[in-house]
Amino acid sequence: MLRLHDTATGTVRPLELRDPGHVSIYACGLTVYDLPHIGHGRGWLVFDVLRRYLRFRGLEVRYVSNVTDIDDQIIERAAAEGRSESEVARQFEDAWWEASDALGVLRPDDAPRATEYVEQMVALVAELVERGFAYETSTGVYLSVEKVDGYGLLAHQSLASLKAGARVEIDAEKRSPVDFVLWKKAKPGEPTWESPFGPGRPGWHTECVVMSLDLLGEGFDLHGGGVDLMFPHHENERAQAVALGRKFAQHWIHYGWVMVGADKMSKSLHNFVTVADQLARSDPRAYRLLVLRSQYRSQIEITPETSADAGRALERLDGLARRFELHQAVDLQREALGADMAAEVTPPELERFVSHMDDDLDTPGALAGIFDALSRAHALGDRGKTDEARALARSVQVLCGVLGISLRARDELPLDAQSARLVAERDDARSRHDYARSDAIRDRLTALGWIVEDGPAGTTLRR
RNA sequence: GGCGGCGUGGCCGAGUGGUUUAGGCAGGGGCCUGCAAAGCCCCGUACGGCGGUUCGAUUCCGCCCGCCGCCUCCA
């Protein structure tokens, strides 16, 4: 059984399922007002691997991730660029999907947009007011946090210390500085929806409660996002559910930041690298490998150097696929690997992989096992134990597939006429033991950007 | 001020009270190869500092130093 760190308890504990065999997951998505960066990418990869692994373990997964398509940042950008909010949101939502697809991330089963749920959000806010948990001011409707049992569960702080530390601007109308907005009353020029509290728009924290409960139902299994969402976003989502008397997420997962030097990557520091930038300089699989080489909760740094490092490690994985001609690709496109694939993994390697993954998604440990198997496959191959070697190599391929990395047995690059001719000439020279000529041709091929290797079948080229 | 995390060999990054090593990348030696490349084998004897607990601590406790995050929109 998968054991995961749970932010609510601060411990690693089994992920208990509401319905045996079925896992329901909600991950907070993005506010679509700018290009996604590699910090967002890390988050997608973490959840992607979680989903793939659960599938591999024979569970049915329902994964929901929302699109926040109305919020302050979108309004600001639209105003600055003289466009409509929906235009801005649509542009960056498209960019989000493009980046996520490029990373090989499976699309969510549902990706609800906030604007499609406003009616339900209004109803939820009205219910909170009716139940006495929310109150209206001249600027909006607020949740009275002091009335909520256990507020501060995820922040791991008492209400008193949260109040003491509150740095929010003083709003005399709010009953407590910690109270948060559920409904923002309309300001001139902003998009608005009708509500019993007047025209306005929903607060950020309300959409995720409404959408997660609507799509996954009460008491769904797992809710997560980046560490920053722990507080206040997730705390506030939970507060609303508690106030409504509804069972909310049973387990909370939060992943660590991507750092740039000593600082976290963020929009305000202007130090972010977009997913597109990253993919321009490294294989998406190398980026994935780099992310998975660290535990999901730790902070990581992604630099050109560490990307190149991961690229070389990836090259070794592909090298295994080349040697053992692992052409039977694993389909990572739309389908995660199912449990049936476990049968293709040799038992010791499967056991080692599972024990690491079950231990709070210890992908570094899982990868250590994979690379260990890789070395042994080569060693067995060197000793002529072809069948055993192939079985191990296939195990490596399948387990990489579970992590969303597909190995390449050969480069897709077609040989141009000139290179093909040089290969033929070189093989001819070598067969005649004309090594001066064969080396000269190798130099020419190298100059053309090829990596030249001699194998049983003669000269082979790759990039 | 409150809460939390981290400091491991050249770099990245796991882990553990002592007996066998995480793993990757880079580096050195060897094997293989016409020479290479790829691959295999071997190697560095690492755990921020000071105390304490212990027969024994990198691994537990305390203190100190350094770094980071959250407490505000943020993945």
Side-chain angles (χ1 to χ4, degrees), chain A residues 7 10 27-31 33-34 36-44 46-47 71-73 76 152 154-158 160-169 177-178 204 224-233 235 254-259 261-269 272 289-290 293-295 297-303 305-306 308-317 319-320 322-323 356 359 362-372 374-383 430 433-436 438-439 442-443 446 450-455 459-460 462:
Chain A
T7 307
C28 290
L30 302 191
T31 301
Y33 73 103
D34 208 341
H37 59 60
I38 54 180
H40 303 120
R42 181 195 194 179
W44 302 339
V46 167
F47 280 99
D71 208 354
D72 294 355
Q73 302 100 316
E76 278 168 31
L154 297 172
H156 290 287
Q157 299 230 43
S158 66
S161 74
L162 283 169
K163 265 162 123 172
R167 286 183 277 161
V168 204
E169 70 285 8
V178 193
W204 176 41
V227 282
D228 59 315
L229 297 183
M230 239 159 74
F231 188 90
H233 186 54
E235 188 76 57
H254 293 97
Y255 61 86
W257 290 107
V258 169
M259 306 293 290
D263 302 309
K264 74 178 189 182
M265 178 169 295
S266 74
K267 298 273 171 65
S268 51
L269 292 175
F272 59 89
L289 192 57
L290 179 51
R293 223 155 58 157
S294 300
Q295 214 268 348
R297 282 192 284 140
S298 59
Q299 295 178 171
I300 61 172
E301 196 169 353
I302 292 173
T303 65
E305 290 71 34
T306 57
D309 186 300
R312 286 186 290 265
L314 177 67
E315 181 50 42
R316 229 175 122 218
L317 290 169
L320 183 82
R322 276 198 303 276
R323 173 172 182 178
H356 281 293
D359 180 17
D362 175 17
T363 50
L367 282 169
I370 286 172
F371 275 95
D372 192 47
L374 180 153
S375 289
R376 283 183 288 118
H378 275 302
L380 286 166
D382 288 350
R383 281 187 273 138
R430 289 190 73 226
H433 301 284
D434 181 355
Y435 295 121
S438 103
D439 289 353
R442 179 165 60 198
D443 289 344
T446 303
W450 294 106
I451 295 168
V452 181
E453 290 184 5
D454 298 335
T459 300
T460 57
R462 61 192 175 84

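Chain A is the first sequence line, chain B the second, and so forth, proteins listed ahead of strands; every chain is numbered from 1.
Residue A:Asp439 is classed as a base contact, given a heavy-atom separation below 4.0 Å to a base. Using a 4.0 Å heavy-atom criterion, one finds that A:Gly319 contacts no nucleic acid atom at all. Within the nucleic acid shown, A:His37 comes within 4.0 Å of at least one base atom, counting heavy atoms only. Heavy atoms of A:Gln73 sit under 4.0 angstrom from primed sugar atoms or phosphate atoms, though from no base atom. Among the protein residues, A:Gly226 comes within range of the sugar-phosphate backbone only, with heavy atoms under 4.0 Å from sugar or phosphate atoms but none that close to a base. Heavy atoms of A:Leu30 sit under 4.0 angstrom from primed sugar atoms or phosphate atoms, though from no base atom. At a threshold of 4.0 angstrom between heavy atoms, the contacts of A:Met230 with the nucleic acid are absent. Nucleic acid contact class of A:Arg430 (heavy atoms, under 4.0 Å, all strands): base. Counting any heavy atom pair closer than 4.0 Å across all strands shown, A:Gln295 reaches sugar-phosphate atoms only and no base atom. Heavy atoms of A:Asp71 sit nowhere under 4.0 angstrom from any nucleic acid atom. Using a 4.0 Å heavy-atom criterion, one finds that A:Ser438 contacts the bases of the nucleic acid, with or without backbone contacts as well. Within 4.0 Å of A:Arg323, counting heavy atoms only, lie sugar-phosphate atoms of the nucleic acid but no base atom.
Nucleotide B:rC31 forms a Watson-Crick or G-U wobble pair with B:rG39, both donor-acceptor distances falling under 3.5 Å. For B:rU19, there is no paired base (Watson-Crick or G-U wobble, both distances below 3.5 Å). Under the Watson-Crick or G-U wobble criterion, with both distances below 3.5 Å, B:rC63 is paired with B:rG49. Remark: B:rC70 base-pairs with B:rG2. Criterion, Watson-Crick or G-U wobble with two distances under 3.5 Å. Across the strands present, B:rA57 finds no partner; the criterion is a Watson-Crick or G-U wobble pair with both atom distances under 3.5 angstrom. Across every strand in view, B:rC11 sits in a pair with B:rG24 that passes the Watson-Crick or G-U test at under 3.5 angstrom.
Taking atom P in both B:rC40 and B:rG23, the straight-line distance is 13 Å, to the nearest Å. Rounded to a whole angstrom, the distance from the P atom of B:rU20 to that of B:rC25 is 26 Å. Going from the P atom of B:rG28 to that of B:rG10 covers 16 Å, rounded to whole Å. Between B:rC65 and B:rC74, the distance separating the two C1' atoms is 31 Å to the nearest Å. B:rC67 and B:rG30 have their P atoms separated by 44 Å, given to the nearest Å. Rounded to whole Å, the P atom of B:rU21 lies 24 Å from the corresponding atom of B:rA26. Taking atom C1' on both nucleotides, B:rU58 is separated from B:rA14 by 14 Å, rounded to a whole Å. With both ends at atom C1', the span from B:rC32 to B:rA37 equals 12 Å, rounded to whole Å.
You'll find the side chain of A:Ile38 stays beyond 4.5 Å of the side chain of A:Phe272, heavy atoms only. Counting heavy atoms from C-beta on, the side chains of A:Ile370 and A:Leu317 come closer than 4.5 Å. A:Lys264 places none of its side-chain heavy atoms less than 4.5 Å from the side chain of A:Val227.
Applying the 3.5 Å distance criterion, the base of B:rG24 shares a donor-acceptor pair with the side chain of A:Asp309. Judged by distance alone with a 3.5 Å cut-off, a donor-acceptor contact links the side chain of A:Lys264 to the base of B:rC74. Not a single donor-acceptor contact under 3.5 angstrom links the side-chain atoms of A:Arg383 to the base of B:rC40. Taking only distance into account, the side chain of A:Asp454 meets the base of B:rC35 through a donor-acceptor pair shorter than 3.5 Å.
Side-chain proximity of A:Leu374 to the nucleotides B:rG23, B:rC40, B:rC70 is greatest for B:rC40. Looking at the side chain of A:Arg442, the nearest of the listed nucleotides B:rG69, B:rC35, B:rC40 is B:rC35. Candidate nucleotides B:rC70, B:rA75, B:rC40 were compared by shortest atom distance to the side chain of A:Tyr33, and B:rA75 ranks first.
Each of A:His356 and A:Gly365 was matched to the nucleotide of RNA chain B holding its nearest heavy atom; the match closer to the 5' end belongs to A:His356. Both A:Leu367 and A:Gly455 lie near RNA chain B, and the one whose nearest nucleotide falls closer to the 5' end is A:Leu367.
The residues A:Glu315 and A:Arg462 are annotated as salt-bridged, a charged nitrogen and a carboxylate oxygen being separated by less than 4.0 angstrom.
Stacking between A:Phe371 and B:rG23 is absent: the ring centroid is not both under 5.5 Å from the six-membered base ring centre and under 30° in plane angle.
Between A:His233 and A:Trp204, the ring planes are parallel. Angles under 30° get that label, and only those over 60° would be called perpendicular.
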